[in-house]
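Below, chains carry the letters A, B, ... as their sequence lines are ordered, and counting in each starts from 1. Below, each value reflects all heavy atoms present in this structure, side chains not excepted, and no hydrogens, waters or symmetry copies. The structure displayed is predicted, hence computed values, not measured ones.
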Amino acid sequence: MTDDGRLDRLSGMLKRRGFILPAFEIHGGAKGLYDFGPVGGRMHSKINQFWRDHWLKLGNVVEISCPTVTPYAVLEASGHVGEFSDFMTQCLNCEEASRADTLLEAHHPNPDALKMEELQALLFETLPPCPACGAQTWSEVSAQNLMFNTMIGAGESGRPGFLRPETAQGMFTSFNALFRHFRERLPFGGMQVGKGYRNEIAPRQGMIRLREFNMAELEYFMDPESEQHEDLSPWANTPIQLLEREKEPTIITLPEAFQNGIIHHATLARFLGITYDFLVAVGIDPQRLRFRQHEENEMAHYAEDCWDAEIEGSYGWIECVGIAHRGCYDLLQHEEATGKTLRARREFAEPRVTTIDAWTINGATAGPAFKAQAGLVKDAVEALPKATTFPTTVTLANGDSVEVGEEHVKANQKTISESGEWYTPHVLEPAFGIDRIIWHVLDHAYTETKKNGEDYTLMRLKETVAPVDYAVLPLFEKDGMGDLAWTIHQRLCQTSGLVSMYDASGSIGRRYARADEIGVPTCITVDHQTLEDGTVTVRDRDTTDQTRVHMDQLL
RNA sequence: GCGAGCGUAGUGUAGUGGUUAUCACCGGGCGUUGCCAACGCCUGAACCCGGGUUCGAGUCCCGGCGCUCGCACCA
């Protein structure tokens, strides 16, 4: 960090000009909550839209939108109720609150993995001393969840729920609708852009750790048994900084990283590439971007492998995108919790034919003979070889031995043909923290320079994210210059996808400076000559070059 | 969550119990044949919230909220 106050000046400007501001400030503010202001609002929506367009290029993904209010059961199934909880206990002597698992580290190899009841039992059994006062008396263990609690419905009929901590669960719970939409053909993806909520104990670092945040996630469902053929050639000439787990950082292209086995999965490698392209396109400096593989003990409860895109800015290297291989964890969890099937079907190249030629029980006689054990007897008999002669003694799964006579069995001859099978797809999840990305786009675009010996700041924002596309400036609001400028401004604003800003106050230099400060790429100035020949001055933000263009040729 | 520091116009600030609350940038209006925060005139805007001490509180005390830092925590 080479700060010397840059971060303070940047934050001040972002607030002053209306990019991002503390939310609800007139009421005293609220920690971890921010507004995108008059300037930041459009930047936020442009970046979201650019993200959608970028990933929709895959051609086999769709966007969905799910509620943020989520029933308890959904997040219990996903593991968030368990994983997002800290189990707290309070010292009865000094009232200091401690985490139960931390207190029990001396008494258990991995207390973090214990359930609340187990922690409770172990705590009361071992009575560790309070780190604050040394007393050994503890309150009951209580779960403190990092998700926002709410009630869905009022009073007696209310059911517990949470605000979602991630958008991902919506894609999993909608799996069957996605599966039908894609004509039951994998791979495909569902994606979602929206809000997520985490009731952080200590939000810090401005936009980096928020309690309500914007995320954009893709869940990409794949058949784990079919090889993923991915074209990595678009990144053949793009060296990227990779930090493999327990290895030294390397700079390598994605095709090479995949061939060398640094990245194990072709689709994962491709998603790293698509992510890289996105971040660079919105204005992240490639020199301050890297991908880091998670340590084994760092990965979330669901992940098999995970690479983060980390961006360097005023707060150091910050993870802004997580690209996780979630395996089949989520779909299995929701299957188990609901009893519904969340699977895809793969057809075999050839039908698999199994021929059975052995024994099974004769229900009419074996049933009355073995009663409750009949099921176990059936399993045991069907496991016997064809050459078995009856009567014989078989050992059941429960350890009992029974005598099975000829009258209890019959020959079992059948042919089973299976044309395919149902399986649980694997999931690759690129998850983008939009606010963190916006922060770093702003951070990287913020440029402090000198102009005629004076401090000068400008935002070198790319057109993909610039909050205002054009500023239209009449030199003076007289002799018709103001009216003409207003007409041009209106014409620009009526063009889909464009936003123009009309500014007539202050000197022309001041207005260029104001436009530069919020990153307007192009200024259009109407002067006396415009009244005569219809040409305007088009001025470029980064070079300050001016050219005269006829007003009808602006677009 | 604990500890420390801080909280005054949009921004940065001055202000050690009595001021019409300081200064600068800033914002707005008008003028300017004028093109990179130029200039002139006019003008706008603040003591985080609540309680207490006091004749009197921006200033002292208590609580809350927020910000920063350290510790703890952290998809």
Side-chain angles (χ1 to χ4, degrees), chain A residues 5 7-9 11-18 21-33 37 78-80 83-84 86 88 90 94-99 101-102 131-132 144 146-147 164-168 196-206 208-210 213 215 217 294 298-303 306 308 319-322 324 326 429 431 433 436 450-458 473-479 481 503-517 523-529 531-532 536-541 543-546 548:
Chain A
L7 175 56
D8 288 338
R9 292 190 297 277
S11 303
M13 186 280 284
L14 294 175
K15 184 178 175 191
R16 179 162 35 84
R17 297 307 308 275
L21 319 83
F24 313 120
E25 202 181 18
I26 63 167
H27 284 278
K31 237 175 177 176
L33 300 175
S78 70
H80 287 91
E83 290 295 326
F84 269 54
D86 284 341
M88 306 299 293
Q90 211 174 17
C94 72
E95 299 193 339
E96 171 88 356
S98 294
R99 283 183 51 172
D101 56 340
T102 309
Q144 183 171 308
L146 296 180
M147 295 189 289
R164 66 184 178 191
E166 59 173 23
T167 64
Y197 302 82
R198 292 180 195 181
N199 204 357
E200 297 285 353
I201 294 169
R204 285 284 170 92
Q205 300 181 298
I208 303 301
R209 181 114 56 96
L210 298 171
F213 48 94
M215 53 204 317
E217 297 186 299
H294 273 206
E298 182 186 6
M299 276 188 289
H301 58 280
Y302 46 74
C306 186
D308 281 343
E319 50 182 292
C320 294
V321 184
R326 297 177 76 132
E429 176 198 78
R436 289 181 174 190
K450 291 276 181 189
K451 194 165 191 172
N452 302 327
E454 301 264 312
D455 288 338
Y456 197 86
T457 67
L458 70 158
L473 319 171
L475 211 46
F476 300 107
E477 278 187 312
K478 62 175 186 181
D479 303 334
M481 285 183 277
D503 189 358
S505 71
S507 73
I508 190 68
R510 179 179 299 276
R511 284 178 271 163
Y512 285 147
R514 278 196 290 239
D516 288 345
E517 197 176 32
C523 290
I524 294 167
T525 304
V526 172
D527 56 18
H528 292 90
Q529 194 182 331
L531 300 175
E532 292 163 19
V536 293
T537 304
V538 174
R539 179 260 194 192
D540 179 81
R541 177 192 68 208
T543 63
T544 74
D545 289 346
Q546 299 187 7
R548 284 206 80 88

Any base atoms under 4.0 Å from D527(A), or only sugar-phosphate, or nothing? Heavy atoms, all strands.
base
Can you figure out which of C36(B), A38(B), G66(B) approaches the side chain of K31(A) most closely?
G66(B)
Separation of C36(B) C1' from Y456(A) OH (nearest whole Å)
6 Å
Roughly how many Å apart are C74(B) and G17(B), using the P atom of each and rounding to a whole number?
47 Å
Rounded distance in Å - CG (L7(A)) to P (U68(B))
9 Å
5' precedence on RNA chain B between A30(A) and P165(A) (nearest-nucleotide basis):
A30(A)
Between C47(B) and C30(B), how far apart are the two P atoms, rounded to whole Å?
29 Å
Just compare U32(B), C36(B), C73(B) and give me whichever is closest to any side-chain atom of R209(A).
C73(B)
What integer number of Å spans the C1' atoms of G58(B) and G50(B)?
16 Å
Could you go through the side-chain contact (heavy atoms from CB on, under 4.5 Å) check for D527(A) and R548(A) one step at a time?
CA-CA 11 Å; D527(A) 56 18; R548(A) 284 206 80 88; 3.0 Å; yes
Figure out the CG/C1' separation between D540(A) and C36(B), and round it to whole Å.
13 Å
Closest non-hydrogen atoms of A30(A) and F24(A), given as atom of the first, atom of the second and distance, are CB-CD1, 4.3 Å
Where does RNA chain B pair, written as one dot-bracket string 5' to 3', with Watson-Crick or G-U pairs under 3.5 Å, ( ) inside the strand, [ ] for crossing pairs and | for another strand?
(((((((..(((.....[....)))((((((.......))))))...(((((..]....))))))))))))....
Would you state whether a donor and an acceptor, one from the side chain of R539(A) and one from the base of C36(B), lie under 3.5 Å apart?
yes
Distance check: side-chain N/O of K478(A) vs OP1/OP2 of U32(B), anything under 4.0 Å?
yes
Looking only at non-hydrogen atoms, find the nearest pair between D503(A) and P474(A) and report the distance.
O-CD, 3.5 Å
Quote, to the nearest angstrom, the C1' distance that separates G64(B) from U20(B).
32 Å
Check: T544(A) side chain, C36(B) base, donor-acceptor under 3.5 Å:
no
Would you indicate, yes or no, if A38(B) has its OP1 or OP2 atom less than 4.0 angstrom from a side-chain nitrogen or oxygen of S507(A)?
yes
Gap between atoms CZ and P, on R548(A) and C35(B) respectively (whole Å):
13 Å
Closest heavy-atom pair, D479(A) versus L531(A), reported as atoms and distance to 0.1 Å, is O-CD1, 3.3 Å
Taking the side chain as every heavy atom from C-beta outward, state whether K15(A) and E25(A) have any atom pair closer than 4.5 Å.
yes
Just so I know, are the side chains of N199(A) and M147(A) near enough to count as touching, which here means a heavy-atom distance under 4.5 Å?
no
Listing time: all N or O pairs from protein to nucleotides 26-30 of chain B that are below 3.5 Å?
| from | atom 1 | to | atom 2 | distance (Å) |
| --- | --- | --- | --- | --- |
| C26(B) | OP1 | R510(A) | NH1 | 2.6 |
| C26(B) | OP1 | R510(A) | NH2 | 3.2 |
| G27(B) | OP1 | R514(A) | NH1 | 2.8 |
| G27(B) | OP2 | R510(A) | NH1 | 3.0 |
| G28(B) | OP1 | S505(A) | OG | 2.9 |
| G28(B) | OP2 | S505(A) | OG | 3.2 |
| G28(B) | OP2 | R514(A) | NH1 | 3.4 |

Main-chain N/O of E454(A) paired to N452(A) side chain as donor or acceptor, under 3.5 Å
no
If we take the C1' atom in both G44(B) and A9(B), what is their distance in whole Å?
10 Å
Tell me: CD1 of I508(A) to P of U33(B), nearest whole Å?
14 Å
Could you work out which one of C35(B), C36(B), U11(B) sits closest to the side chain of K15(A)?
U11(B)
Can you tell me how far C1' of C67(B) sits from CD1 of I208(A), to the nearest Å?
16 Å
Between CZ of F476(A) and P of G40(B) the distance, given in whole Å, is 16 Å
With heavy atoms under 4.0 Å as the rule, sort E25(A) into base, sugar-phosphate or nothing.
nothing
Between M481(A) and G206(A), who's closer to the 5' end of RNA chain B by nearest nucleotide?
M481(A)
Which nucleotide wins on minimum distance to the side chain of A513(A), given the candidates U33(B), A37(B), C35(B)?
A37(B)
CD of E517(A) versus P of U11(B): gap in Å, rounded?
13 Å
Please confirm whether the backbone N or O of S505(A) pairs with a side-chain atom of R510(A), one donor and one acceptor, at under 3.5 Å?
no
Q546(A) and T537(A): CA distance, side-chain angles, deciding distance, side chain to side chain donor-acceptor pair (under 3.5 Å) verdict:
CA-CA 6 Å; Q546(A) 299 187 7; T537(A) 304; 4.6 Å; no
Ignoring hydrogens, what is the shortest heavy-atom contact between R511(A) and A504(A)? Give both atom names and the distance.
NH1-CA, 3.5 Å
For the P atoms, the ones on G31(B) and on U19(B), what distance do you get once it is rounded to whole angstrom?
41 Å
Are any side-chain N or O atoms of R539(A) and backbone N or O atoms of T544(A), one a donor and one an acceptor, separated by less than 3.5 Å?
no
If the P atom of G51(B) is compared with that of U59(B), how far apart are they to the nearest Å?
14 Å
